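Both backbone and side-chain heavy atoms feed into the values below; hydrogens, waters and symmetry mates do not. Just so it is clear, the model here is predicted, and its values are computed rather than measured.
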Amino acid sequence: MLFERYVNNAEVTLQSAITTSDTDLFLTEDVTATALNPVKFVALYFLRATLSHASVTGLEIVYITSLVTGGVANKIQVIRGREGTTAKNWPVGTKIQCRATAGMMRKLSAQTLFDQIGYGISIAEGANVKAYHPTKFNQLLAPHSWAVGGIPMLVERGVADYSPMSSGVEGVGASCSVELGVAPNYDGGTTYYPGAIVKDPSPPYTVYSMNTGVDLGAAAPALGVGYWSEVTKDANGGIFRVGFESGFDDPDAWFYPSEIGFICDAHTATTTPTVSVGELDAAGALVSLTSLASAAALTAIDGAHQRVVLANNIKKGVRGLIFSIDTAATGGTFKGRFYWRGLFICSNTAAGWPTAYPNPDGEA
């Protein structure tokens, strides 16, 4: 991913003609004396620029990636033919202007909260959580953006003597409501509210959690329809999973959890449940059910609105998490949410970089 920089009223002129393959541009101006000069380039920084000349039909958009190349004060380097434009032969006198483009506007609009590609989203999505979720409607997870409620996508950038404060802040997330005890039977005539847990009274006695999107005061939809999420054990024995979006398999990207635990919302059980926490690979396949916490007894919880830490001495990075029940509580409900916190880190090695991230406009 390239990181964009901006300047006001920057215009320079070609001193020498260029062909479609040239990426070194020689200018009539000394770059240090132009409006381009304030930009201090480091790896992956760029400026958009538009090439135009009265004798050439159309225009070409380029990315300026380096100024004063090789110590030559009037030489810049560019990436040619951006935003769907085609590299052209340009004559002496061609203007190179840093001005607004459609791609720039599209990128800026995508950095607002309301654009579908501009914000990090919860990626607590798995085959055992079958309910409305933004990823079901082609919401795109921006790699390395911040995500509230899921694995945090954290920016990996900076220069030698500066790094944004956000790169040192952990992200947190939580599962939907899960039942570690005995869920009440579903009643079609009852109005359920977000966080409610019910069990289908008919075999195979599937357990469901009500999501926050329910219409208050409306009759509960049929189980498995609308806002119900299935939280019954899946084929691997897990009741909740956290993982990468489908297709996001960067070999350099890892989540390093610092704490995993459980928060109890409702408690009437007479015995204590035991749970395990394991890890998944980038494709969502099981690596281990117990590698992070094995058969942990929740004996520290003896009432509602209490929290217990399941693991906080975790040295490894993981690609996903899986939560499972080893022994369910008996005698009543033991309802709550699993939570986690930690850092999402991408080492950005040469092996992992080229195919994992497009440039800012999603071009090939």
Answer yes or no: is there a side-chain heavy-atom contact under 4.5 Å between [X] and [Y]?
X	Y	result
L298	L310	yes
Q306	H267	no
K199	Y186	no
L321	L280	no
Y205	D200	no
E4	L47	no
P257	W340	no
I314	I260	yes

Tell me every residue that passes side chain to side chain donor-acceptor pair (under 3.5 Å) with [X], counting only those two or more places apart in sequence or in another chain.
X	value
T85	none
D24	Q77
R99	Q97
D281	none

Is there a chain of hydrophobic side chains (I, L, V, M, F, W, Y, each step under 4.5 Å between heavy atoms) that links [X] to [Y]?
X	Y	result
Y339	L180	no
I61	W90	no
L27	V56	yes
V78	V12	yes
L51	F26	no

- Message: Any side-chain to backbone donor/acceptor pair from T190 onto Y192? Under 3.5 Å, distance only.
- Response: no
- Message: Test your reading of the model: is there a side-chain donor-acceptor pair from E179 to the backbone of T333, 3.5 Å cut-off?
- Response: no
- Task: Decide side-chain contact (heavy atoms from CB on, under 4.5 Å) for V178 and F262; before the verdict, give the C-alpha distance in whole Å, the side-chain angles of both, and the deciding distance to 0.1 Å.
- Result: CA-CA 10 Å; V178 294; F262 184 81; 3.9 Å; yes
- Does any pair with a residue in residues 292-309 pass salt bridge (Lys or Arg N to Asp or Glu O under 4.0 Å), and if so which ones, sequence neighbours excluded? E259-R307
Which atom pair, heavy atoms only, marks the closest approach of [X] to [Y]?
X	Y	result
H53	V92	NE2-O, 3.7 Å
P201	N185	CB-CG, 4.0 Å
C264	G303	SG-O, 3.8 Å
V182	A329	CG2-O, 4.0 Å
A295	S276	N-OG, 2.8 Å
P91	T94	O-OG1, 2.8 Å

- Task: Dump the intermediate steps for side-chain contact (heavy atoms from CB on, under 4.5 Å) on T20 and N89, then the final yes or no.
- Result: CA-CA 5 Å; T20 57; N89 296 321; 3.7 Å; yes
- Message: Before you tell me yes or no, could you show the steps for L223 and T206 under side-chain contact (heavy atoms from CB on, under 4.5 Å), namely the whole-Å CA-CA distance, both residues' side-chain angles and the distance that decides it to 0.1 Å?
- Response: CA-CA 9 Å; L223 285 182; T206 305; over 6 Å; no
- Task: Would you sort out whether T272 and T299 count as a side-chain hydrogen bond (donor to acceptor under 3.5 Å, both in side chains), showing the intermediate values?
- Result: CA-CA 6 Å; T272 300; T299 53; over 6 Å; no
- Query: side-chain hydrogen bond (donor to acceptor under 3.5 Å, both in side chains) between S291 and E279: does it pass, once the steps are laid out?
  - Reply: CA-CA 7 Å; S291 57; E279 60 183 296; 3.0 Å; yes
To the nearest 0.5 Å, tell me how far [X] [atom1] sits from [Y] [atom2].
X	Y	atom1	atom2	answer
N313	L292	CG	CG	11.5 Å
L67	K75	CG	NZ	12.5 Å
Y63	F46	OH	CZ	4.5 Å
I322	L286	CD1	CG	5.5 Å
R241	D234	CZ	CG	4.5 Å
T270	F334	OG1	CZ	11.5 Å

- Query: Checking side-chain contact (heavy atoms from CB on, under 4.5 Å) for the pair C98/E11: CA distance, chi angles, key distance, verdict?
  - Reply: CA-CA 6 Å; C98 292; E11 178 181 305; over 6 Å; no
- Task: Indicate the ring-plane relationship of F338 and F323, choosing parallel, tilted or perpendicular according to the 30° and 60° boundaries.
- Result: parallel
- Item | Option among R80, K88, R48 that satisfies the salt bridge (charged side-chain N to carboxylate O under 4.0 Å, His left out) test with E60 | R80
- Message: By the ring pair (Phe, Tyr, Trp, His ring centres under 6.0 Å) test, which pairs, at least two apart or in different chains, include something from residues 299-318?
- Response: none
